[in-house]
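Structure record follows, encoded as structure tokens.
Any value given below was found using the heavy atoms of this structure, including those in side chains, with hydrogens, waters and symmetry copies removed.
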Amino acid sequence: MRYHQVVSHSELVRSHLDVLVWLQGDMQQFLPHEIMIAAWGDFSTGAVQHDVISAMSGVRSLASNPATLLSPATPTLAPTFAVGTWWGKCWI
């Protein structure tokens with residue numbers, strides 16, 4: 001499946017479950033992952049929201065601590081942030 005087709009399917013996403021199904025489907029060939037962390041808000045003031053998306057048992061947004069989860073200094077996430085790119089005010 002071509003990248004454009006896969007990304008176009010994002011228009012059908014209406015819920016957290018839809019995001020999970022979309023990311024675990026054909027999107028895996030373009031963005032392989034076991035856990036996806038999305039964050040948005042005002043990073044300069046710390047007013048940040050987040051969502052954790054994963055098919056792994058027990059890996060959920062409600063079970064996460066945003067104070068440590070979103071910090072690039074968090075040892076378990078340091079490799080993740082190291083391979084990401086800082087763009088504007090967010091990691092991508």
Side-chain angles (χ1 to χ4, degrees):
M1 183 170 276
R2 292 186 4 225
Y3 179 76
H4 177 53
Q5 289 173 312
V6 172
V7 172
S8 295
H9 290 157
S10 68
E11 293 179 351
L12 304 174
V13 171
R14 298 287 183 257
S15 69
H16 182 89
L17 179 60
D18 290 345
V19 172
L20 175 64
V21 170
W22 177 65
L23 289 172
Q24 293 297 307
D26 293 326
M27 185 54 118
Q28 277 288 327
Q29 74 183 47
F30 299 103
L31 186 61
H33 65 280
E34 292 182 16
I35 301 171
M36 177 70 64
I37 301 170
W40 62 94
D42 187 342
F43 287 80
S44 65
T45 65
V48 179
Q49 303 290 320
H50 76 285
D51 194 9
V52 177
I53 304 161
S54 178
M56 296 173 65
S57 177
V59 179
R60 302 291 177 263
S61 298
L62 293 176
S64 64
N65 179 348
T68 57
L69 179 70
L70 300 175
S71 170
T74 301
T76 57
L77 292 181
T80 303
F81 284 104
V83 299
T85 301
W86 183 253
W87 184 70
K89 293 186 176 182
C90 63
W91 287 98
I92 56 171

Checklist entry - For His33, what residues pass the side-chain contact (heavy atoms from CB on, under 4.5 Å) criterion, not counting sequence neighbours? => result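 His33: side-chain contact (heavy atoms from CB on, under 4.5 Å) contacts with Leu23, Gln24, Gln28, Leu31, Met36.
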Item to check | Residues Asp51 and His16: side-chain donor-acceptor under 3.5 angstrom | outcome: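 The criterion, which ignores hydrogens and geometry beyond distance, is satisfied for His16 and Asp51.
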Next on the checklist: Between Trp22 (side chain only) and Val6 (backbone N and O only), is there a donor and an acceptor less than 3.5 Å apart?
Outcome noted: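 Yes; judged by distance alone, with no hydrogens or angles, the pair exists.
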Checklist entry - Within a strict 4.5 Å, meaning less than it, do heavy atoms of the Ile35 and Val52 side chains meet? => result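 Ile35 vs Val52: side chains touch.
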Item to check | Shortest non-hydrogen contact from Ile53 toward Val19 | outcome: CD1-CG1, 3.3 Å
